[in-house]
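Everything below concerns the one structure shown next.
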Amino acid sequence: MARILITSALPYINGIKHLGNLVGSQLPADLYARYARARGHEVMFICATDEHGTPAEIAAAKAGQPVAEYCAAMHEVQGELARGFGLSFDHFGRSSSARNHALTQHLAARLGAAGLIEEVSEKQVYSHTDGRFLPDRYIEGTCPNCGYERARGDQCEECTKQLDPTDLINPRSAISGATDLEVRETRHLYLRQSKLRDTLDQWIDSQKGWPVLTTSIAKKWLHDGDGLQDRGITRDLDWGVPVQFEGAPWGGMDGKVFYVWFDAPIEYIAATAEWADALGKPDSEWRRWWRMDEGAEDVRYVQFMGKDNVPFHTLSFPATLIGANFDGAEPWKMVDYIKSFNYLNYDGGQFSTSLGRGVFMDQALALLPSDYWRWWLLSHAPENSDSEFTWENFQASVNKDLADVLGNLVSRVTKFCRSKFGEMVPEGGSYGAREQQLIDDLTRGLTSYQNVMDGMMVRRSAQDLRALWVLGNEYLQEAAPWSAFKTDPEQAAAQIRLALNLIRFYAVISQPFIPDASARIMAALRCDDWSWPEDMAQALGVLPAGHVFEVPDVLFAKITDEQRIEWEAQFSGKN
RNA sequence: GGGCCUGUAGCUCAAUUGGUUAGAGCAGAGCGCUCAUAACGCUUUGGUUGGGGGUUCGAGUCCCUCCGGGCCUACCA
């Protein structure tokens with residue numbers, strides 16, 4: 001038994017996330033958390049909403065709400081959707097929490113004490129109409145290079161030239177279209193992460209077996225050009241963690257907040273504190289997960305995220321934690337493994353919130369139970385390259401894997417038993433060579449499944465699980481209890497007794513992928529023994545002869561062609 | 001422009017890191033079964049591994065080059 005700390009990248013607050021966001025971090029993290037718990041490990045699974053930054057303020061303004069109200073409401077919405085998808089967070093926190101305010105300020109002060117904070121004066125574009133400073137990407141204008149009229153302040157998407165906002169001709173606010181822009185001088189704090197470059201480089205090198213995607217992105221940032229650059233960690237915004245606070249080692253920072261990417265990862269820690277608070281536990285309970293000197297030395301920490309999040313998790317967040325321990329007084333737990341994902345595309349293009357293109361979490365749950373989505377998304381997770389959602393593929397995979405291979409197996413076994421023996425595990429007969437072969441095959445298959453699950457090989461795990469389901473159909477075909485019943489009912493009884501236990505076994509091992517269906521199987525079997533199979537023969541004897549069960553409803557109804565066609569049209573984004 | 005990833009059967013993906021005849025699932029074809037959600041099982045068709053060149057006893061894997069797809073490039077998060 002180990003202690004495993006799992007965090008999923010924080011979903012941003014400004015709207016409902018689409019399936020691509022889900023499969024890139026929260027869903028695989030949940031798969032791993034559920035599996036780790038099922039294997040008997042002590043798990044702390046943390047997620048939260050990422051609530052600061054310009055987009056949150058703009059989304060709130062659009063919704064006509066104060067930003068705090070907007071975030072509180074969206075947090076509830078996202079939390080409800082997370083529950084709908086069966087995401088088993090130990091705590092779903094908020095980066096705007098008091099805990100995160102305090103911890104972010106504390107860590108910033110520590111970085112200041114370490115000499116890793118620098119005050120920098122820079123010029124930023126201020127919009128009078130919007131009443132705010134505008135990030136480069138929120139300024140639009142004509143590209144001086146190619147004449148494209150909707151170039152953004154950081155880069156022209158037409159000719160890909162890198163730009164400064166001041167390069168733009170006829171600059172305007174992308175939020176309001178206002179042209180009363182002004183360049184103002186403003187002071188900000190920079191994290192001097194360049195000073196930690198070699199430390200970070202060695203730390204990355206010392207990690208074993210990280211995905212190429214993770215290390216290559218980190219290495220790029222460490223060594224590209226002049227190497228790792230210092231980074232501004234404050235912004236001129238209202239909504240966020242105040243930079244000026246009591247005991248701050250700097251002055252004159254009133255009215256500024258920390259940059260969202262500084263406080264967001266810190267929320268992993270703060271959310272664990274929120275967890276303790278919610279349960280009335282003392283601080284020591286969360287600190288034993290995060291402080292090496294307070295019990296976290298045996299914790300294994302795994303992070304899940306999309307590739308766009310990798311630089312912050314491999315560089316700036318570690319720099320924050322390393323810097324905060326400059327004098328050895330605060331050894332924070334650092335990540336042990338970063339599982340990163342590529343993007344999921346939608347039917348030949350990208351998911352698009354603005355165009356209404358693709359399937360979003362709320363829409364998905366309105367169409368089908370979460371297990372359908374969990375299964376398809378996980379079995380097609382974009383681990384090695386971007387992958388693609390198509391309705392045709394979704395229909396085919398789900399119908400075949402869930403309805404035919406697994407659902408129908410449950411159905412044929414329970415219904416056969418009911419018609420021949422009643423809704424009770426039949427007694428009599430004994431297991432022979434074919435049953436032993438099944439046990440051997442299952443043992444081998446389970447070992448492989450466990451290995452790939454341990455290694456967080458998501459697609460491969462789905463394949464292995466499915467292969468285990470198939471073994472059940474193969475066994476039934478060969479054993480043919482419907483034939484045996486005619487000549488030797490006792491043998492048929494033994495075969496069905498095994499098959500009913502097999503179904504329970506499948507419910508247990510499939511639970512990380514399809515928790516609701518697993519729970520329905522277990523309820524129908526009137527069994528609450530979820531113990532992970534350690535010995536296959538024993539696991540297939542959990543339901544004794546005489547145990548009463550009931551035939552469940554169809555586990556997975558098939559997706560019809562009519563439904564598929566309708567959904568294709570509904571989500572094409574052309575309306 | 002620079003960097004990284006990627007291209008394998010009609011489709012979605014593997015290939016133990018250079019090692020025998022490139023494998024699975026789906027789709028297609030044939031056979032079997034009749035317990036089951038017209039489900040299941042068995043057999044089977046299908047490949048110049050994007051093109052070309054090179055290194056090697058041996059290349060899907062390494063190198064060069066060309067073509068295609070994608071991502072990142074530090075103030076969206």
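Quick note: numbers below take in every heavy atom, side chains included, and nothing from hydrogens, waters or symmetry partners. Below, chain A is the first sequence line, B the second, and so on; all start at residue 1.
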Touch check for [X], heavy atoms < 4.0 angstrom, all strands: base, sugar-phosphate only, or nothing?
X       : result
V470(A) : sugar-phosphate
P55(A)  : sugar-phosphate
R460(A) : nothing
S379(A) : nothing
D308(A) : base
V554(A) : base
G306(A) : nothing
L555(A) : base

The glycosidic conformation of rU17(B), counting syn as within 90° of 0 and anti otherwise, is syn
Quick one: which of [options] gets closest to the side chain of [X]?
X       : options                   : answer
W221(A) : rG41(B), rC72(B), rC75(B) : rC72(B)
K307(A) : rC71(B), rA77(B), rU34(B) : rC71(B)
R459(A) : rU37(B), rC71(B), rC13(B) : rC13(B)
R412(A) : rG41(B), rU37(B), rC40(B) : rC40(B)
W482(A) : rC33(B), rC71(B), rU37(B) : rC33(B)
N473(A) : rC13(B), rA74(B), rC40(B) : rC40(B)
Y343(A) : rC75(B), rC72(B), rC26(B) : rC72(B)
Q477(A) : rG41(B), rA36(B), rU12(B) : rG41(B)
K558(A) : rA39(B), rA74(B), rA77(B) : rA39(B)

Just the dot-bracket of RNA chain B, please: which string comes out with Watson-Crick or G-U pairs under 3.5 Å, [ ] for crossing, | for another strand? (((((((..((((.....[...)))).(((((.......))))).....(((((..]....))))))))))))....
To the nearest angstrom, how far is [X] atom [atom1] from [N] atom [atom2]?
X       : N       : atom1 : atom2 : result
M457(A) : rU17(B) : CE    : P     : 13 Å
E474(A) : rC33(B) : CD    : P     : 18 Å
L465(A) : rG25(B) : CG    : C1'   : 14 Å
L402(A) : rU37(B) : CG    : C1'   : 12 Å
N451(A) : rU16(B) : CG    : P     : 16 Å
R231(A) : rU73(B) : CZ    : P     : 9 Å
L409(A) : rA36(B) : CG    : C1'   : 9 Å

With [atom1] as the reference atom in both, quote the distance from [N] to [M] in angstrom, rounded to an integer.
N       : M       : atom1 : result
rC31(B) : rG68(B) : P     : 47 Å
rC66(B) : rG3(B)  : P     : 13 Å
rU17(B) : rU61(B) : C1'   : 8 Å
rC40(B) : rC26(B) : P     : 8 Å
rG30(B) : rC13(B) : P     : 29 Å
rG52(B) : rG7(B)  : C1'   : 16 Å
rU34(B) : rU45(B) : P     : 27 Å
rG70(B) : rU65(B) : P     : 22 Å

Tell me whether the count of non-hydrogen atoms from other residues, nucleotides or ligands lying under 6.0 Å of CG in D205(A) goes above 12.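 Counting neighbours around CG of D205(A), more than 12 heavy atoms of other residues, nucleotides or ligands fall under 6.0 Å, so yes.
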Are more than 12 heavy atoms, taken from residues, nucleotides or ligands other than E392(A), located less than 6.0 Å from that residue's CD atom? no
Any idea how [X] and [Y] line up, ring-wise: parallel (<30°), tilted (30 to 60°), or perpendicular (>60°)?
X       : Y       : result
H380(A) : W376(A) : parallel
F416(A) : W482(A) : perpendicular
W261(A) : F312(A) : parallel
F421(A) : F485(A) : perpendicular

Answer yes when E383(A) and R460(A) have at least one side-chain N-carboxylate O distance shorter than 4.0 Å, and no when they do not.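 Judged by the 4.0 Å cut-off on N to carboxylate O distance, E383(A) and R460(A) do not form a salt bridge.
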For G407(A) and for L134(A), locate the closest nucleotide of RNA chain B by heavy-atom distance; then report the residue assigned to the nucleotide nearer the 5' terminus.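 By nearest-heavy-atom nucleotide position, the 5'-most residue is G407(A).
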Select from L237(A) and Q229(A) the residue whose nearest nucleotide in RNA chain B is closer to the 5' end of that strand.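 It is Q229(A), whose closest nucleotide lies nearer the 5' terminus.
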Run the side chain to side chain donor-acceptor pair (under 3.5 Å) check on Q26(A) and N21(A) step by step: do they pass? CA-CA 8 Å; Q26(A) 291 169 292; N21(A) 299 128; over 6 Å; no
Determine: side-chain N/O of K400(A) to OP1/OP2 of rC40(B), distance under 4.0 Å, yes or no. yes
At under 4.0 Å, does any side-chain N or O of Y259(A) touch on OP1 or OP2 of rA77(B)?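 Yes.
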So, the side chain of N473(A) versus the backbone of L409(A): is there a donor-acceptor pair under 3.5 Å, distance only?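 The answer is no, because no donor-acceptor pair under 3.5 Å joins these two groups.
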Ignoring hydrogens and angles, tell me if any N or O in the side chain of K17(A) forms a donor-acceptor pair with the backbone of P11(A) under 3.5 Å.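 A pair under 3.5 Å: no.
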Counting distance alone, no hydrogens or angles: does the base of [N] have a donor or acceptor under 3.5 Å from a partner atom on the side chain of [X]?
X       : N       : answer
Q124(A) : rC75(B) : yes
E122(A) : rC75(B) : yes
N408(A) : rA36(B) : yes

Between K558(A) and D404(A), does the salt bridge (Lys or Arg N to Asp or Glu O under 4.0 Å) criterion hold? Intermediate values first, please. CA-CA 9 Å; K558(A) 291 200 191 190; D404(A) 293 346; 2.7 Å; yes
Apply side chain to side chain donor-acceptor pair (under 3.5 Å) to residues T215(A) and Q207(A) and explain how you reach the verdict. CA-CA 9 Å; T215(A) 48; Q207(A) 304 304 326; over 6 Å; no
Stacking check: are the rings of F416(A) and rC35(B) less than 5.5 Å apart at their centres and under 30 degrees in tilt? no
Go through F389(A) and H18(A) one step at a time and tell me if the ring-ring contact (aromatic ring centres under 6.0 Å, His included) criterion holds. CA-CA 12 Å; F389(A) 176 92; H18(A) 55 61; over 10 Å; no
Would you list the protein and nucleotides 2-6 of chain B atom pairs, both N or O, that sit under 3.5 Å from each other?
unit_1: rG2(B); atom_1: N2; unit_2: K220(A); atom_2: NZ; d: 3.4
unit_1: rC4(B); atom_1: O2'; unit_2: S216(A); atom_2: OG; d: 3.4

